[in-house]
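A short write-up of the structure that comes next.
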Amino acid sequence: MTTNSIPKIGNINLLVDVFGRFPSFHDAEVVRIVLNRAGVKTRPTLDAQIHVFEMTSELKDGRYVLKHHTLVTFQFIEVDSLSLDGFNNQNVLSGLSINDVSDHQLDNTNFEVSFDGIHGVDAQFTCLSIRIVDVTPFQPAH
């Protein structure tokens with residue numbers, strides 16, 4: 001993620017308050033994607049719930065200790081040029097890329113977004129704005 005796009009994400013403080021920074025989303029998992037055009041006069045919204053956590057250098061039983069398990073819900077507003085592939089029972093990301101392209105003077109496009117999948121979902125799209133709707137502590141099933 002480019003640093004200059006962070007302040008332009010609505011409610012970014014909800015996520016930064018948990019991690020102390022914007023997390024990398026490496027090994028995060030997309031658990032839900034909702035596309036919605038109801039009541040929208042222009043382009044649809046895309047809501048994505050992502051389980052994100054922080055990997056520590058501490059080992060326990062041969063595994064790295066993970067902390068700050070969090071379910072974050074993003075809302076991407078006025079989505080265009082959506083490419084979505086591979087959503088299945090596990091959707092692990094190598095990262096989440098959000099690039100501010102507002103200085104390119106594109107109509108209704110301020111961000112280029114990419115869910116860079118390791119396994120499962122891959123998605124790329126543009127959108128007008130982004131906000132964090134919810135940040136909730138999360139207890140993974142495994």
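Taking the side chain as every heavy atom from C-beta outward, Val79 and Arg43 never approach each other to under 4.5 Å. In this structure, the side chains of Phe87 and Val30 come closer than 4.5 Å at one or more pairs of heavy atoms. For the pair Thr109/Val101, a side-chain contact is recorded, criterion being any heavy-atom separation below 4.5 Å from C-beta on. Taking 4.5 Å as the limit, some side-chain heavy atom of Ile132 sits within range of a side-chain heavy atom of Phe74. Taking the side chain as every heavy atom from C-beta outward, Ile33 and Leu46 approach each other to under 4.5 Å. Put simply, the side chain of Phe19 does not reach to within 4.5 Å of the side chain of Val72, judged on heavy atoms. Counting heavy atoms from C-beta outward, Gln139 and His69 have side chains that stay 4.5 Å or more apart.
Exactly one of Asn110, Asn11, Val113 qualifies for a side chain to side chain contact (heavy atoms under 4.5 Å, CB included) with Ile130. That residue is Val113.
Ring planes of Phe125 and Phe76: perpendicular class, angle over 60° (limits at 30 and 60°). Classified by interplanar angle (parallel below 30°, tilted 30° to 60°, perpendicular above 60°), the ring pair Phe53/His51 is tilted.
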task = Decide yes or no on side chain to side chain contact (heavy atoms under 4.5 Å, CB included) for Asp116 and Leu93, but give the supporting numbers first.
result = CA-CA 5 Å; Asp116 303 316; Leu93 301 177; 5.8 Å; no
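Under the 3.5 Å distance criterion, the side-chain polar atoms of Asn91 are matched with a main-chain donor or acceptor of Val121. Formation of a donor-acceptor pair under 3.5 Å by the Ser114 side chain with backbone atoms of Ser97 is not found in this model. Remark: side-chain polar atoms of Ser102 are not paired, donor with acceptor, to backbone N or O of Asp100 under 3.5 angstrom.
For residues 117-131, the pairs satisfying side chain to side chain donor-acceptor pair (under 3.5 Å) are Gln75-Arg131, with sequence neighbours left out.
Looking at residues two or more places apart in sequence or on another chain, you find no salt bridge (charged side-chain N to carboxylate O under 4.0 Å, His left out) involving Asp134.
Across Leu71 and Phe138, no two heavy atoms sit closer than the pair N-CB, 3.7 Å.
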